[in-house]
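Down below is the structure, laid out as structure tokens.
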Amino acid sequence: TGDKLDEILKKYYTGTTNGVIATIENYVLDQKRCITGLKAMYKNMLSGMQLAGLIFLGVFQYLIYRDIFITVISVIGYVILIFILFKFFYYKRTAKKILKSINENFLSARILFYPDEIEIITKKKLTLIKLKYEEFYKIQKIKEGYMFYTQKFSFYFFGFDEFKKEELEELEKILSKYSSRKKKS
């Protein structure tokens, strides 16, 4: 049904692309996209939690055993445990929960980037959503792409590899005005 809908909507797509800076024809919210977004979203929070945990664990272990070697081994074990728990369990489990909770009509879309807004056209149930860049809670450039936060813990992730080189260059010029800017809460 997605391919048939694409064919029907091609007339609409080609008629409304004036001013489009970049396009993602087949955006699909999948587990990989969710995990990448979750890692970016929780990066700063996890670093703070890990640092606090390391300090607490280090002091606690040293007070109990009075041995720096045991303290260092415990801290290394803690770091490995937290890394494994989050990398292999938490992110995948949370991504699966997110995907289960989202209405399947909103899992695939065509995304158009304009100079001042983004347009999301869902493919399963034709829905058009337009959002000005300034309406986003935050737009953040990360190593893999751009995070567009609609609220503090809700996001769209767009990978750099989804854009043509010239589209990405133009988009970066525009989004640099909005990147890492949070709305006042």
Side-chain angles (χ1 to χ4, degrees), residues 1-46 91-92 94-185:
T1 32
D3 292 333
K4 289 180 186 176
L5 187 56
D6 276 344
E7 285 302 313
I8 294 168
L9 296 176
K10 268 204 173 148
K11 292 176 196 166
Y12 170 77
Y13 290 162
T14 55
T16 61
T17 56
N18 293 339
V20 173
I21 305 243
T23 303
I24 299 176
E25 289 295 336
N26 294 305
Y27 176 89
V28 177
L29 183 59
D30 57 10
Q31 187 172 344
K32 182 181 176 192
R33 191 179 297 273
C34 282
I35 289 172
T36 302
L38 288 167
K39 285 179 180 178
M41 187 170 59
Y42 289 122
K43 183 179 181 180
N44 293 338
M45 184 174 67
L46 282 179
Y91 291 131
K92 286 183 181 180
T94 303
K96 286 179 182 177
K97 283 182 177 180
I98 288 171
L99 292 171
K100 271 186 181 177
S101 72
I102 292 179
N103 184 313
E104 67 179 35
N105 291 329
F106 301 105
L107 291 176
S108 60
R110 181 172 193 257
I111 313 288
L112 301 172
F113 296 85
Y114 292 92
D116 61 343
E117 67 185 3
I118 185 172
E119 187 175 83
I120 302 165
I121 305 165
T122 61
K123 291 193 173 189
K124 200 145 194 173
K125 178 181 179 183
L126 184 59
T127 305
L128 177 73
I129 302 165
K130 284 187 176 196
L131 291 165
K132 299 268 185 208
Y133 297 133
E134 62 200 30
E135 293 176 319
F136 283 95
Y137 172 75
K138 178 170 74 169
I139 297 175
Q140 180 183 23
K141 183 177 181 180
I142 62 172
K143 189 171 90 174
E144 299 87 357
Y146 278 99
M147 295 283 293
F148 281 62
Y149 292 90
T150 54
Q151 50 187 305
K152 193 169 186 173
F153 297 108
S154 180
F155 59 85
Y156 288 96
F157 169 70
F158 307 110
F160 292 137
D161 59 348
E162 296 180 277
F163 300 101
K164 295 175 187 152
K165 185 181 179 209
E166 11 352 289
E167 289 178 335
L168 188 57
E169 289 171 0
E170 188 65 30
L171 196 58
E172 284 185 352
K173 288 177 197 172
I174 291 166
L175 294 180
S176 66
K177 294 183 263 183
Y178 303 98
S179 290
S180 296
R181 179 188 61 81
K182 284 187 204 173
K183 277 189 161 185
K184 303 273 188 234
S185 301

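Residue numbers count from 1 along this sequence. We use all heavy atoms of the structure for the numbers below, so side chains are in, but hydrogens, waters and symmetry mates are not.
When each of Lys141, Lys143, Glu144 is paired with Phe160, the side-chain contact (heavy atoms from CB on, under 4.5 Å) condition holds for Lys141 and for no other.
Residues Phe113 and Glu167 are not in side-chain contact: their nearest non-hydrogen atoms beyond the backbone lie 4.5 Å or more apart. Side-chain contact between Leu99 and Gln31: present, with at least one pair of heavy atoms (C-beta onward) separated by less than 4.5 Å. At least one side-chain heavy atom of Phe157 sits less than 4.5 Å from a side-chain heavy atom of Ile142. Side-chain contact check for Phe136 versus Leu131: some heavy-atom pair is nearer than 4.5 Å.
Every side chain to side chain contact (heavy atoms under 4.5 Å, CB included) that Glu170 has, sequence neighbours left out, goes to Ile21, Lys173, Ile174. For Asp161, there are no side chain to side chain contact (heavy atoms under 4.5 Å, CB included) partners two or more places apart in sequence or in a different chain. For Thr150, the side chain to side chain donor-acceptor pair (under 3.5 Å) partners two or more places apart in sequence, or in a different chain, are Ser154. Scored by the salt bridge (charged side-chain N to carboxylate O under 4.0 Å, His left out) test, Asp30 finds no partners at all (sequence neighbours excluded). Applying the side chain to side chain contact (heavy atoms under 4.5 Å, CB included) criterion to Lys100, with sequence neighbours excluded, gives no partner residue. Applying the side chain to side chain donor-acceptor pair (under 3.5 Å) test to Glu104 and every residue at least two apart in sequence or in another chain returns Lys124. Lys165 meets the salt bridge (charged side-chain N to carboxylate O under 4.0 Å, His left out) test with Glu169; sequence neighbours excluded. Under the side chain to side chain donor-acceptor pair (under 3.5 Å) criterion, Lys132 pairs with Asp116, sequence neighbours left out. A search for salt bridge (charged side-chain N to carboxylate O under 4.0 Å, His left out) contacts involving Lys96 returns nothing, not counting sequence neighbours. When the ring-ring contact (aromatic ring centres under 6.0 Å, His included) test is applied to Tyr149, no partner is found at least two apart in sequence or on another chain. Among residues two or more places apart in sequence or in another chain, the side chain to side chain donor-acceptor pair (under 3.5 Å) test is passed with Lys32 by none. Under the rule for a salt bridge (charged side-chain N to carboxylate O under 4.0 Å, His left out), Lys97 has no partner lying at least two apart in sequence or in another chain.
In this structure a side-chain-to-backbone donor-acceptor pair under 3.5 Å is missing from Ser108 to Lys123.
With rounding to the nearest 0.5 angstrom, the CD atom of Glu162 is 9.0 Å from the CD1 atom of Ile111. Note that CD1 of Ile98 is 5.0 Å distant from CZ of Phe155, once rounded to the nearest 0.5 Å. Atom CD1 in Ile121 sits 5.0 Å away from atom CG in Leu112 (nearest 0.5 Å). Rounding to the nearest 0.5 angstrom, the gap separating the CD atom in Glu135 from the CD1 atom in Ile118 is 11.5 Å. Separation of atoms NZ (Lys92) and CG (Leu38) is listed at 13.0 Å; rounding is to 0.5 Å. Interatomic distance, CG of Leu171 versus OH of Tyr114, reported as 13.0 Å (0.5 Å rounding).
Between Tyr146 and Phe148, the ring planes are perpendicular. Angles over 60° get that label, and only those under 30° would be called parallel.
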Q | Audit row: Asn105, Thr127, side chain to side chain contact (heavy atoms under 4.5 Å, CB included) steps and yes/no | A | CA-CA 9 Å; Asn105 291 329; Thr127 305; over 6 Å; no

(Q) As a quick check of understanding, evaluate side chain to side chain contact (heavy atoms under 4.5 Å, CB included) for Leu175 and Tyr133, giving each step before the final call. (A) CA-CA 8 Å; Leu175 294 180; Tyr133 297 133; 4.0 Å; yes

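Of all heavy-atom pairs spanning Cys34 and Ala95, the tightest one is CB-CB, 3.6 Å.
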